[in-house]
Amino acid sequence: MTTALDSVPRIRRGVKCTYDQIRSAHVVLFPEGVLVLNETAASVVALCDGVRSVGDIAVVLADEYSGVEPSDVAALVSRLVERRVVDVDG
């Protein structure tokens with residue numbers, strides 16, 4: 001199930017987003033493991049602040065990256081919810 005564009009994602013408690021010098025990549029550390037993120041996914045996670053909606057995040061990313069589709073952002077947020085990295089309101 002894809003997260004709705006008006007949903008508001010936020011990083012779950014106990015989750016840490018950082019840059020791993022050894023991997024030369026952005027990572028999300030959470031109790032169940034580690035996710036290695038590409039640059040776009042790292043930008044999405046950084047914008048999951050509990051204030052912006054998924055649609056708002058897509059607009060911000062579209063200004064920075066070409067080819068950003070709101071449905072792709074919503075699908076990524078859904079996968080992050082499934083991995084228990086973010087929660088969504090709405």
Side-chain angles (χ1 to χ4, degrees):
M1 183 172 163
T2 301
T3 302
L5 294 178
D6 62 348
S7 297
V8 178
R10 68 185 177 295
I11 304 296
R12 286 181 64 111
R13 186 175 179 172
V15 174
K16 182 179 179 187
C17 304
T18 189
Y19 187 80
D20 186 330
Q21 296 291 337
I22 294 171
R23 291 184 175 109
S24 297
H26 295 276
V27 296
V28 174
L29 307 172
F30 57 107
E32 293 83 14
V34 175
L35 287 177
V36 179
L37 305 174
N38 65 26
E39 185 177 342
T40 309
S43 294
V44 170
V45 170
L47 293 169
C48 290
D49 58 8
V51 176
R52 295 179 180 96
S53 70
V54 172
D56 295 338
I57 292 169
V59 168
V60 170
L61 291 177
D63 288 342
E64 191 170 338
Y65 303 99
S66 63
V68 172
E69 295 292 330
S71 60
D72 293 338
V73 175
L76 174 59
V77 171
S78 293
R79 289 192 304 273
L80 293 170
V81 169
E82 290 171 8
R83 296 294 301 264
R84 300 175 48 99
V85 172
V86 300
D87 287 324
V88 292
D89 296 330

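Just so it is clear, the structure is predicted and the values come from calculations on it, not from any experiment.
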Interatomic spacing from [atom1] in [X] to [atom2] in [Y] - rounded to 0.5 Å:
X: I11; Y: L47; atom1: CD1; atom2: CG; answer: 9.5 Å
X: D87; Y: C48; atom1: CG; atom2: SG; answer: 10.5 Å
X: R12; Y: L80; atom1: CZ; atom2: CG; answer: 12.0 Å
X: L76; Y: T40; atom1: CG; atom2: OG1; answer: 9.5 Å
X: D20; Y: L37; atom1: CG; atom2: CG; answer: 11.0 Å

Is there a side-chain contact between [X] and [Y] (heavy atoms, below 4.5 Å)?
X: I57; Y: L61; answer: yes
X: P70; Y: V54; answer: no
X: P9; Y: T3; answer: no
X: V51; Y: V8; answer: no
X: V34; Y: R23; answer: yes

Same cluster for [X] and [Y] if Ile/Leu/Val/Met/Phe/Trp/Tyr side chains link at under 4.5 Å?
X: V45; Y: L29; value: no
X: L35; Y: V27; value: no
X: V68; Y: V86; value: yes
X: V36; Y: V77; value: no

Shortest non-hydrogen contact from S43 toward Y65
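In this case the closest contact between S43 and Y65 is OG-OH, 2.9 Å.
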Looking at every heavy atom in both G14 and P31, which two are closest together, and how far apart are they?
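Here G14 and P31 meet closest at O-CD, 3.9 Å.
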Heavy atoms of other groups near R83 CZ, more than 12 under 6.0 Å
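Check fails, neighbour count at 12 or below.
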